[in-house]
Engineer: 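Got a structure for you, questions after.
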Amino acid sequence: MELTEIYENVIEGNAPGVQAGVKSALDQGVAAEVILNQALISAMNEVGRRFEEGEFFVPEMLVSARAMQAGLGLLKPFLMESGVKAAGKIAIGTVKGDLHDIGKNLVAMMLEGAGFEVQDLGVDVTPDAFVKAAQGGVQVIGMSALLTTTMNNMQSTVQALQSAGLRDQVKVVIGGAPVTDEFARKIGADAYAPDASNAVRTVRQLIG
Ligand code: B12
């Protein structure tokens, strides 16, 4: 079965294997969301578990991440449901000190597919860079953090927006594995979303 094969290939860091599996699953009519959730994301969860257990180290995590991204590239056109256009502008980035970008890229991709104009600020984004983006006229600032040590930089960004007098002009939405709804409220963000499809729904609500 393709899904198990894709899952195994992500864990082994076999990018060509992942791509072949994704192509073949798509050819067989397996939905892109199913491939994403049941093969790619669940494999990354297992990679995280193995890292935690000391079975995997950073190099293994990295090759798995590359293999996942190779698969994600093929899913992109299928995940980007077309239709509604120009729903608004959002700038998204991974906060300062944090290099994890798979989730952020996925959220950016889904937002684009939903008709938003997305400015991707990349990784290791300083509060200042978020402020500059807000000055550029986006309606929403999206922040991603995967580390408990970097999630506090979300708060620094909210404060920087405040100091720059921009807090009332932009909505702030945050996400990433360690982030919660409660944390979002605590740091003065407008919203939290647990995954990419909820991110689209949340941003729509914030703007609408
Ligand atoms: C892949 C990976 C890496 C790769 C990243 C490659 C890349 N290009 O992104 C590499 C190897 C570089 C890496 C490095 C490190 N990592 Co790492 N990594 C992971 C891993 C296995 C998977 C993350 C991932 O991509 N998941 C898949 C995506 C799709 O999920 P996601 O990011 O959560 O995103 C979803 C949602 O959270 C949400 N979302 C995400 N962003 C946003 C933003 C907005 C606005 C919204 C609304 C929603 C949203 O939507 C997404 C889609 O559904 C996790 C384990 C895990 N289970 O999370 C560890 C993990 C995050 N890493 C960890 C650690 C410790 C590190 C290192 C410190 C290791 C080291 N000793 O060097 C470094 C830190 C480097 C740095 N400065 O950032 C720990 C963090 C522990 C902690 N509590 O802080 C984890 C949890 C592993 C573990 N179990 O211990 N890592």
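Order of listing sets the numbers, starting from 1, for every ligand and every atom in it.
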Engineer: Who's the nearest protein heavy-atom neighbour of atom 77 (N) of ligand 1, and how far?
Structural biologist: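 Here the closest protein heavy atom is Gly97 O, 3.0 Å.
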Engineer: Below 4.0 Å, non-hydrogen atoms only: which portion of Val107 touches ligand 1? Side chain, backbone, both or neither.
Structural biologist: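 Near ligand 1, Val107 shows its side chain, while the N, CA, C and O stay back.
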Engineer: Counting only heavy atoms, which portion of Ala193 has something under 4.0 Å from ligand 1: side chain, backbone, both, or neither?
Structural biologist: both
Engineer: With a cut-off of 4.0 Å, which atoms of ligand 1 are near a heavy atom of Val173?
Structural biologist: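 Near Val173, meaning under 4.0 Å from one of its heavy atoms, ligand 1 has 45 (C), 47 (C).
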Engineer: Heavy-atom count check: over 12 atoms from other residues, nucleotides or ligands less than 6.0 Å from Glu55 CD?
Structural biologist: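 More than 12 within 6.0 Å, yes.
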Engineer: Does a side-chain N-to-carboxylate-O contact under 4.0 Å join Asp195 and Arg201?
Structural biologist: no
Engineer: In Å and rounded to the nearest 0.5 Å, what is the CE to OG1 distance from Met154 to Thr94?
Structural biologist: 8.5 Å
Engineer: Heavy-atom contact under 4.0 Å between Asp101 and ligand 1?
Structural biologist: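 So Asp101 counts as touching ligand 1.
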Engineer: Under the 4.0 Å line, does any protein heavy atom show up next to atom 86 (C) of ligand 1?
Structural biologist: no
Engineer: State whether the shortest distance between N or O atoms of Ala199 and N or O atoms of ligand 1 falls below 3.5 angstrom.
Structural biologist: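 No - when backbone and side-chain N and O of Ala199 are compared with those of ligand 1, no distance drops under 3.5 Å.
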Engineer: Can we say Asp27 and Lys23 salt-bridge, meaning some charged N sits less than 4.0 Å from an Asp/Glu carboxylate O?
Structural biologist: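 No, Asp27 and Lys23 are not salt-bridged.
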Engineer: Could you see which bit of Val123 sits under 4.0 Å from ligand 1, with heavy atoms only: side chain, backbone, both or neither?
Structural biologist: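 Neither; no heavy atom under 4.0 Å.
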Engineer: Starting from atom 31 (P) of ligand 1, what is the nearest protein heavy atom, named by residue and atom, and what distance separates them?
Structural biologist: Gly103 CA, 4.0 Å
Engineer: For atom 70 (C) of ligand 1, what's the nearest protein heavy-atom neighbour? Residue, atom name and distance, please.
Structural biologist: Val58 CG2, 3.5 Å
Engineer: Are the side chains of Leu36 and Ile41 in touch, meaning some heavy atoms are under 4.5 Å apart?
Structural biologist: yes
Engineer: Going hydrophobic residue to hydrophobic residue with side-chain gaps under 4.5 angstrom, can you get from Val138 over to Val118?
Structural biologist: no
Engineer: Which pair of non-hydrogen atoms, one from Asp181 and one from Tyr192, has the smallest distance, and what is that distance?
Structural biologist: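 That would be N-CD2, 3.6 Å.
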Engineer: Atoms of ligand 1 less than 4.0 Å from Asp98 heavy atoms?
Structural biologist: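 Result: 78 (O).
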Engineer: What atoms in ligand 1 come closer than 4.0 Å to a heavy atom of Gly48?
Structural biologist: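 Listed by number with element: 21 (C), 55 (C), 88 (C), 89 (N).
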Engineer: For atom 17 (Co) of ligand 1, find the closest N/O/S atom on His100 and give its atom name.
Structural biologist: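 Minimum-distance N/O/S atom of His100 relative to atom 17 (Co) of ligand 1 is NE2.
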Engineer: Give a yes/no on ligand 1: does Pro178 have at least one heavy atom closer than 4.0 angstrom to it?
Structural biologist: no
Engineer: Within the protein, is there a heavy atom lying under 4.0 Å from atom 65 (C) of ligand 1?
Structural biologist: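 Yes, there is a protein heavy atom closer to it than 4.0 Å.
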Engineer: Around atom 67 (C) of ligand 1, find the nearest protein heavy atom and jot down its residue, atom name and distance.
Structural biologist: Leu147 CD2, 4.6 Å
Engineer: Nearest 0.5 Å, please: how far is NE2 in His100 from CG in Asp124?
Structural biologist: 12.5 Å
Engineer: Tell me which protein heavy atom sits closest to atom 23 (C) of ligand 1, plus the residue, atom name and distance to 0.1 Å.
Structural biologist: Leu146 CD1, 4.3 Å
Engineer: Does atom 2 (C) of ligand 1 have any protein heavy atom closer than 4.0 Å?
Structural biologist: yes
Engineer: Distance-only, no hydrogens or angles: does the Ser144 side chain make a donor-acceptor pair with backbone N or O of Gly93 under 3.5 Å?
Structural biologist: no
Engineer: Looking at atom 20 (C) of ligand 1, what's its closest protein heavy atom, distance included?
Structural biologist: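 I find the closest protein heavy atom is Met61 SD, 4.1 Å.
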Engineer: When you measure from the side chain of Asp98 to the backbone of Leu147, do you find a donor-acceptor pair of N or O atoms at a distance under 3.5 Å?
Structural biologist: yes
Engineer: Check whether any protein heavy atom sits under 4.0 Å from atom 5 (C) of ligand 1.
Structural biologist: yes
Engineer: N/O of Arg49 under 3.5 Å from N/O of ligand 1, yes or no?
Structural biologist: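 Looking only at distances, the answer is no, because the N/O contact criterion of under 3.5 Å is not met.
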Engineer: Are Glu182 and Arg185 close enough for a salt bridge, meaning some N to O gap below 4.0 Å?
Structural biologist: no
Engineer: Could you work out, for atom 36 (C) of ligand 1, the closest of Pro194, Gly175, Ser197, Ala177 by heavy-atom distance?
Structural biologist: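 It is Pro194 that holds the nearest heavy atom.
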Engineer: What distance separates Lys89 NZ from Glu117 CD, expressed to the nearest 0.5 Å?
Structural biologist: 5.0 Å
Engineer: Could you tell me, atom by atom, which parts of ligand 1 come under 4.0 Å of a heavy atom of Ala65?
Structural biologist: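 Going through ligand 1 atom by atom, the ones under 4.0 Å from Ala65 are 1 (C), 6 (C).
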Engineer: Starting from atom 10 (C) of ligand 1, what is the nearest protein heavy atom, named by residue and atom, and what distance separates them?
Structural biologist: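 Of the protein heavy atoms, Leu62 CD1, 4.3 Å lies nearest.
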Engineer: Tell me: protein heavy atom nearest atom 39 (N) of ligand 1, and distance?
Structural biologist: Gly176 N, 3.5 Å
Engineer: Using the salt bridge (Lys or Arg N to Asp or Glu O under 4.0 Å) rule, take Asp128 and Lys96 through it: C-alpha gap first, then chi angles, then the decisive distance, then the call.
Structural biologist: CA-CA 10 Å; Asp128 257 10; Lys96 188 169 178 329; over 6 Å; no
Engineer: Give the numbers and elements of all ligand 1 atoms closer than 4.0 Å to a heavy atom of Asp195.
Structural biologist: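 That gives atoms 38 (C), 50 (O), 53 (O) of ligand 1.
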Engineer: So is Ala196 polar-close to ligand 1, meaning N/O to N/O under 3.5 Å?
Structural biologist: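 N/O-N/O distance under 3.5 Å: yes.
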Engineer: Hey, mind stepping through Arg49 and Glu46 against salt bridge (Lys or Arg N to Asp or Glu O under 4.0 Å) and telling me if it holds?
Structural biologist: CA-CA 5 Å; Arg49 195 195 63 77; Glu46 174 60 15; 3.0 Å; yes
Engineer: Got a second to check how far Ile90's CD1 is from Lys171's NZ, nearest 0.5 Å?
Structural biologist: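 So the gap between those two atoms works out to 13.0 Å.
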Engineer: Out of Asn45, Ile41, Thr148, whose heavy atom sits nearest atom 57 (N) of ligand 1?
Structural biologist: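 Going through Asn45, Ile41, Thr148 one by one, Asn45 has the nearest heavy atom to atom 57 (N) of ligand 1.
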Engineer: Would a distance-only check, ignoring hydrogens and angles, find a side-chain to backbone donor-acceptor pair under 3.5 Å from Asn153 to Val95?
Structural biologist: no
